[in-house]
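So that the names make sense, note that chain A is the first sequence line, chain B the second, and so on, each numbered from 1. These numbers come from a predicted model, not from an experiment.
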Amino acid sequence: MDTLRPPTRILPLHRSRTTPFCCATPTDQRPIRSADMAYPFHEIEPKWQEHWEEHQTFRTPDEIPDDEEKVYVLDMFPYPSGSGLHVGHPEGYTATDIVARYKRMQGVNVLHPIGWDAFGLPAEQYALKTNTHPRETTRENINQFREQLKRLGFSYDWQREVNTTDPDYYKWTQWIFLKLYEKGLAYQSEEPVWWCEELGTVLANEEVIDGKSERGGYPCERVPMRQWVLKITEYADRLLEGLDDLDWPESTKEMQRNWIGRSEGANVHFDLVGVDDSLDVYTTRPDTLFGATYMVLAPEHNLVDEITTDQHRAEVEAYCEEARRKSERERKAQKGEKTGVFTGGYAVNPVNGEEIPVWVADYVLTSYGTGAIMAVPAHDERDYAFAEKFGLPIREVVEGGNVTEEAYTDDGPHVNSANEDVSLNGLHNDEAIDAIVEWLEEKGRGERSVNYQLQDWLFSRQRYWGEPFPIVFTEDGEDKPVPEEELPVTLPDLETFEPSGTPEGPLSTIEDWVNTTDPKTGEPAKRETNTMPQWAGSCWYYLRFIDPENDDQLVDPEKEQYWMPVDLYVGGSEHAVLHLLYARFWHKVLYDAGVVSTKEPFQTLVHQGMILGEKEYTAFVDEDGQYVSVEHVEGGVDTRTGKEVERTELDEDEVEKDGDVFVLNDRPDVRVNARSHKMSKSRGNVINPDDVVDEYGADTLRLYEMFMGPLEQDKPWSTDDVEGVHRFLNRAWRLLIDDDSGEPTVTDDDPSRDQLRELHQTIEAVTTDIENLDFNTAIAAMMEFVNAANKWDTMPRATAEPFVLLLSPFAPHLAEELWARLGHDDSLAHEDWPEYEEELLQREVVEMAVQVNGTVRGTIEVDADADEDDVLTSAKEDENVARHLDGKDTQREIYVPGQIVNFVTG
RNA sequence: GCCCGAGUGGCGGAAUUGGCAGACGCGACGGAUUCAAAAUCCGUUGGUGCUUACGCACCGUGAGGGUUCAAGUCCCUCCUCGGGCACCA
């Protein structure tokens, strides 16, 4: 067998087409297009963007109209990173823009704002590297983002732009913090932070990997520090219940439910042998109390010391010390493999007086429940594994499994579960739980209890680029709030962004700022030098858009009542838990404070899917230049020979499909990978939206991103498909505009019945599709209209104009230009949205399928109002149908008007 | 391991309540136009087989079974991929 040389070309990862085609020269390898084939988007897009700005077309008036329907359409505002907009941004933004424009045309009062979530780590890290003030880079990045968004023609009310780093904005972030503080929902606690000696700074969790700094790989350690913590757990139940009425993706609600992690169970108090203290445990299975054969404390539990006997002390201390050194990640990585030591101490089981040994093991977490458990190995998998390893007894108390083999965690009748007072024997889980909890409560040995996985929110960061806390400390260390009228506490300038060298954070180095006085007493005081996390500003920005310039209030209550809640909120699913949970928490606090009138901020939530890179076909080649089929490759190595292999990109036409897999054309035995990957710089498959706008125009980018597929789905980019959408816009243009003269080609003829039906079908499809956010099929419907209309002899104005209006939310620049050329002086942004007439949708003659025994054997055309008998008669007359019915006994005739006829024979 | 979501042509994807699977777009192929190309326009395009032809038959929505006159859609079992959680007592 001869050897096929793999192509030497390792690239291209994707076809780069950054040259505007008007400038293309004949020497280009790529297809050359002449400038005059395309509609002049280079001219009309900037023209209309200026027009909208100049005429304030999308300004939402401050005054509240008396009785006008409203809709609040919101995008998750961006973090303005230095790398600018990526193609993922315009996806969600175009979706909301279509809805906003559509609703405006329906006469609805629309709020559609945008702003900047501009505090945060990257700006600060950039400052560290270049000694540029984050304020500078932030301003530059915002300017870039704003310009990029404007180039895409989004209909934001730019007068309402907010910026979380603006003192006029963060004044109110601080104000909300004061509300939390006043209500006792903000408290201080010693919590560990990651401190890196080498870098002289505190690091965020995500900057520390396996106990080493992400940058430099220096060792980091957990040091306890005074921190601000928000009591989100107090709202756990309300955050859980509130989810029920929200129109959110079910998966997102489920993630929040899991995150909150509510469970019902009981606390049980165990006496300790020879120690004057009791040990509390939380369990969801108090019914298995009779099966408890040992106890386990988390290594950090504060009774460990007391309970440990001298004989076991050295071993226990060594174990706890080792557990402390392990990072959380390491502890989790060894999941399954149980470790632990016996303390020498015993606890007394309250139900039977039995003395059971107390162990220390790191499979019990200090952060959940009481940090201690009763172990019931027969009915808990973790306890089972531990008991087996250390030879502890396993006692069955629930029947149904085989506890000599594995733990049985399901329901079943209880056994071996009785004392003089109470018997659970024969009861099933739920009844047994009720019975034993009742007994425990009666005896004062325990009580019902609810637990959450949700923990309080660690709210401070040892950073510069964030909101300062409105808190000062008097000399005796007491914390005092800065009075409302002195807000904002502004962020001072820094001269150098070098790490402070202490875990306190950069602000602690600015003495003028740190040293202040107690506003009440005038005594010397020091400012809090921590800053708030990036989540703070994004927790409430949707409220500020309603009343962005209000100096006296966070938001005017009347305006708030009119605009809230947000009717449509679109953003990435990466925020499914944190941002969306934190914002809901603050909203509920503000609700309790009487600042807002709704219990939930975001009524309908949609996550746009991720846009992946162009589809890639990848083969593997070993060092001898031989292709290696993908099923033999694992971790960059040919598993049969152990030789290293290299990835090679292939062109689409070098591969073909063979069954379920792709193989090389010339070597069908060599399977290749065919998939799309997340866009990333390292992979080199990033599409820059600016390039797409340069080459095809903003309308094409908008339309393409909506045409790719369902909004919520992940979808691969395809440059060929971009061109297809661009061709559609060109066809729509030429449908109405004469290429040579630039004049419209419409006539004043009355549209025919067919033309009207075509139009009204399109109106119906586009309208219902926008309502359902099915933008891809809305565009398909408009394509069908253009395909049909291209065959018409005339284009009556009465069909052309509604079509332009339908197109306008999707391709607003093109639509405005067409509208103007059709002779209108004003923007179409506030024209009435076309409405369809039911009767114009109907056809006089409909096509129906005729089946014999469920298989289509012919189609017939019948009058739309024909009755059943007539239809059945003409169905039987169809030649092919008659052939299949010939000589058979028709037993049933199924008739579904307008759709299908089915003859069932014996 | 647990909880969600998804598997449809060469590709992205369509398909109210079960009612003609493959809309629309891409790609491919053929044709018109052109000195030639690009652009544009027209046509064909799920697979297999049969037919001089109009056409006809069979197969086909991850796999297997079921319900039904009729299943991409409903039910059961299983497989694969994606996402989330993961010693939560």
- Query: How would you label the contact of N902(A) with the nucleic acid (heavy atoms, under 4.0 Å): base, sugar-phosphate, or nothing?
  - Reply: base
- Message: With a sphere of 6.0 Å drawn around NZ of K389(A), does it hold more than 12 non-hydrogen atoms of other residues, nucleotides or ligands?
- Response: yes
- Task: Determine the contact category for N451(A): base if any of its heavy atoms lies under 4.0 Å from a base atom, sugar-phosphate if only primed atoms, P, OP1 or OP2 are that close, otherwise nothing.
- Result: nothing
- Can you tell me if the side-chain N/O atoms of Y368(A) get under 4.0 Å from OP1 or OP2 in A89(B)? yes
- Item | P atoms of G22(B) and U44(B), separation to the nearest Å | 15 Å
Can you give the donor-acceptor pairs under 3.5 Å from side chains of residues 761-771 of chain A to other protein atoms, not counting sequence neighbours?
residue	atom	partner	partner atom	Å
T762(A)	OG1	E758(A)	O	2.8
T767(A)	OG1	I763(A)	O	2.6
T767(A)	OG1	W833(A)	NE1	3.1
T768(A)	OG1	E764(A)	O	3.1
T768(A)	OG1	A765(A)	O	3.3
D769(A)	OD2	T777(A)	OG1	3.0
D769(A)	OD2	A778(A)	N	3.1
E771(A)	OE2	Y102(A)	OH	2.5

Using nucleotides 55-60 of chain B, report all nitrogen or oxygen pairs with the protein that are shorter than 3.5 Å.
residue	atom	partner	partner atom	Å
C56(B)	O3'	R883(A)	NH2	3.2
A57(B)	OP1	R857(A)	NH1	3.0
A57(B)	OP1	N880(A)	ND2	3.3
A57(B)	OP1	H884(A)	NE2	2.7
C58(B)	OP1	R857(A)	NH2	3.3
C58(B)	OP2	R857(A)	NH1	3.0

- Query: Is the distance from OP1 or OP2 of C4(B) to the nearest side-chain N or O of K253(A) less than 4.0 Å?
  - Reply: no
- Message: Categorize T284(A) for me: base, sugar-phosphate, or nothing, with a 4.0 angstrom heavy-atom threshold over every strand shown.
- Response: sugar-phosphate
- Does a nitrogen or oxygen in the side chain of R734(A) sit under 4.0 Å from OP1 or OP2 of C41(B)? yes
- Message: Holding to ring-ring contact (aromatic ring centres under 6.0 Å, His included), I want the full list of residues that pass it with H301(A), two or more places apart in sequence or in another chain.
- Response: none
- Query: Using atom P of each nucleotide, how far apart are C26(B) and G46(B) to the nearest Å?
  - Reply: 16 Å
- Note on the structure: Residues of residues 891-900 of chain A with a heavy atom under 4.0 Å from any atom of RNA chain B, listed by number, are R892(A), I894(A), V896(A), Q899(A), I900(A)
- Is there a side-chain polar atom (N or O) of N258(A) under 4.0 Å from OP1 or OP2 of G84(B)? no
- Query: What nucleic acid atoms does P710(A) come within less than 4.0 Å of, heavy atoms only: base, sugar-phosphate, or nothing?
  - Reply: sugar-phosphate
- Query: When all nucleic acid strands are considered with a 4.0 Å heavy-atom cut-off, which category describes E784(A): base, sugar-phosphate, or nothing?
  - Reply: sugar-phosphate
- Query: Which part of the nucleic acid, if any, lies within reach of S573(A) when heavy atoms closer than 4.0 Å are counted: base, sugar-phosphate only, or nothing?
  - Reply: nothing
- Message: Can you confirm whether the side chains of D456(A) and T233(A) place a donor and an acceptor under 3.5 Å from each other?
- Response: yes
- Residues in residues 845-852 of chain A with a heavy atom under 4.0 Å of RNA chain B, by number, are E847(A), A849(A), Q851(A)
- Item | C1' gap between U51(B) and C58(B), integer Å | 15 Å
- Under 4.0 angstrom, heavy atoms only, what part of the nucleic acid is G724(A) near: base, sugar-phosphate, or nothing? sugar-phosphate
- In RNA chain B, consecutive runs of at least three Watson-Crick or G-U pairs below 3.5 Å, as range with range, amount to B:1-7 with B:79-85, B:10-12 with B:24-26, B:27-32 with B:40-45, B:46-50 with B:55-59, B:62-66 with B:74-78
- Query: When you compare G66(B) with G12(B), how far apart are their P atoms, in angstrom units rounded to a whole number?
  - Reply: 32 Å
- Item | Heavy-atom side-chain contact between F775(A) and T94(A) under 4.5 Å | no
- Pick base, sugar-phosphate or nothing for D714(A), based on heavy-atom distances below 4.0 Å to the nucleic acid. sugar-phosphate
- With P as the reference atom in both, quote the distance from U33(B) to A28(B) in angstrom, rounded to an integer. 22 Å
- Note on the structure: Syn within 90° of 0, anti beyond: G62(B) is anti
- With no angle test and no hydrogens, is the base of C26(B) tied to the side chain of D720(A) by a donor-acceptor pair under 3.5 Å? no
